[in-house]
Amino acid sequence: MLGLYLHVPFCSAICNYCNFNRGLFDEALKRRYVDALVREIERAGQSLASLPEAAQGVSSAPLAADTIYFGGGTPSLLEPHEVARIVAACDAAFELTLDPEITLEANPETVSEGRLAAFREAGVNRLSVGVQSFRDDELQRLSRLHSAGRAADALRDARRAGFDNVSLDLMMWLPQQTVDAWLESVDAAIARGPDHLSLYLLELYPNAPLRDDMARANWSQAPDDDAAAMYLTAMERLDAAGYEQYEVSNVARPGRRSRHNLKYWEDGEWLGFGCGAHSTRDGVRWKNIASTGEYIDRVTRDEPTAIDIRTLSPEERLGDALFTGLRLTDGVDLDTIRARYGVDVWARYGAELSPFLDGGCLKREGRRLKLTRQGMLIAHEVMTVFV
Ligand code: SF4
C-alpha cells in the first residue's frame with residue numbers, strides 16, 4: 001500500500017529554527033497552489049506516465065493507498081473545503097482503502113473547535129498538533145506564535161470536534177531549557193491524554209536565526225548529559241503512562257501508531273505531491289522542485305515537477321532498509337532482509353556491530369536486531385555502519 005504525502009508550504013510566520021520548505025502565507029498564491037496540487041494528483045491518477053519512467057511499474061491499474069498525510073509548513077492554514085477537495089482528488093486518482101488514515105498537521109493558533117470539526121468533515125481523521133512546549137518562555141524563544149494555553153485549548157478543541165486520534169509534537173533541548181522544565185512539558189502533555197506523541201531534539205542548522213538570537217541573549221543549550229537525561233526520563237514517564245515507544249522519537253497508545261510514518265521506516269513506498277515533496281516507488285526515489293512558484297508554473301504548463309530522480313542500487317536499498325528499520329523498537333527482521341536483499345546481515349556487518357552489542361546499545365532477539373533505549377541515544381553512530 002502506498003502512502004500519499006501532500007506538502008503545504010505556507011506559514012503565518014517563519015520560526016527562527018525552521019529548516020523546512022516553507023514560505024509566508026499568501027492567499028492568492030495558496031489558491032493557485034491548491035489548484036496545482038489537485039492537478040498534480042489527478043495527473044498521477046490518470047496516468048502513471050506522469051511518474052518518473054523507472055517508477056511506473058508494469059501494471060497500469062490504479063495504485064492502492066491507505067494513508068494521506070498533509071505536512072508542511074502549516075497545513076491547517078488551508079480552508080477545510082480545500083482539504084476536502086484534495087482528499088477527493090486522492091480518492092479519485094488512487095484506490096483508497098475503506099479506512100484510510102488521513103492526517104493533518106495543525107498549529108495551535110490556526111484552529112478552533114469549529115474549524116477542526118470542518119476538517120473532520122473534510123475527511124481528516126488524525127490530527128498532529130505542533131505544540132513543541134507547554135511553557136510560554138520556551139515558545140517565545142522559538143518565536144512560535146502560540147502560547148501554552150492555546151496549545152492546551154487546541155487539544156481540547158480537537159476532542160470536542162470529534163477527533164479520536166490526536167498526536168502532539170514536543171521539542172527538547174531548547175535554549176535555556178533545564179531537565180525539569182522539559183519534564184514539565186512532558187507531564188503537561190501526558191495530562192492532556194493524546195493518542196500519540198513525537199519528541200524531537202532541537203537541531204540548530206548552520207544559518208538558523210535562532211543561533212543569532214541565542215548569541216545576542218546569551219542563551220545556551222544544556223550539556224549533552226542533560227539532553228540524554230531529557231530523552232530517557234521522558235520515555236520512562238511515557239512508559240509509565242501507558243504509551244508504547246515504537247520508534248526512536250515516537251510513542252503511541254496501542255493501535256495508534258502513525259500508519260503513514262511507518263512506511264518511511266518499514267521500507268515502504270509513498271508518493272509525495274507539492275513543492276519539495278519526496279517519493280519512493282519501485283526502488284526509485286525522486287523529489288519535486290522545491291520552489292513554490294516554479295512548482296505551480298510547471299504543473300500549469302503540464303511539465304514534470306520531479307527532479308533528482310535516482311534508481312537506487314541494491315546496496316543502497318539494503319542500507320536504507322537497515323538504517324531506517326533500526327529506528328523502530330521492533331528493529332530489523334534479519335530473515336526478511338535476507339529474503340529481500342539476499343544478504344546475511346550478521347555475516348556482513350557482524351564485526352562492526354559487535355562493539356555496540358557488547359556495549360549494550362544493540363541487542364539480538366531471535367531473528368530481530370534492535371537498538372536498546374540507551375542505543376537510541378547514539379542511533380546515528382550505529383546506523384552509519386550500514387551507509
Ligand atoms: S510553523 Fe513549522 S514549518 Fe512553519 S516556520 Fe514554524 S517550524 Fe517551520
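Start at 1 and go down the list; that is how both ligands and their atoms are numbered.
Nearest to atom 2 (Fe) of ligand 1 among the protein's heavy atoms is R144 NH1, 4.0 Å.
Taking the charged nitrogens against the carboxylate oxygens, R340 and E266 have no contact shorter than 4.0 Å, which rules out a salt bridge.
Of the possible polar contacts, none joining the E352 side chain to the Y349 backbone as a donor-acceptor pair under 3.5 Å is found. Between the side chain of E40 and the main chain of A36, no donor-acceptor pair closer than 3.5 Å is present.
Note: Y5 and Y69 have parallel aromatic rings, judged against thresholds of 30 and 60 degrees for the angle between ring planes.
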I would like to know whether Q245 and R373 meet side-chain hydrogen bond (donor to acceptor under 3.5 Å, both in side chains); could you show each step before the answer?
CA-CA 10 Å; Q245 185 185 9; R373 189 167 276 168; 3.1 Å; yes
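Atom CZ of R156 has more than 12 heavy atoms from other residues, nucleotides or ligands within 6.0 Å.
Counting only protein N, O or S atoms, 1 lie closer than 2.8 Å to atom 4 (Fe) of ligand 1.
Under a 4.0 Å criterion applied to the non-hydrogen atoms of Y17, ligand 1 contributes the atoms 7 (S).
A cation-pi arrangement is present between R192 and F134 under the rule of less than 6.0 angstrom and at most 45 degrees off the ring axis.
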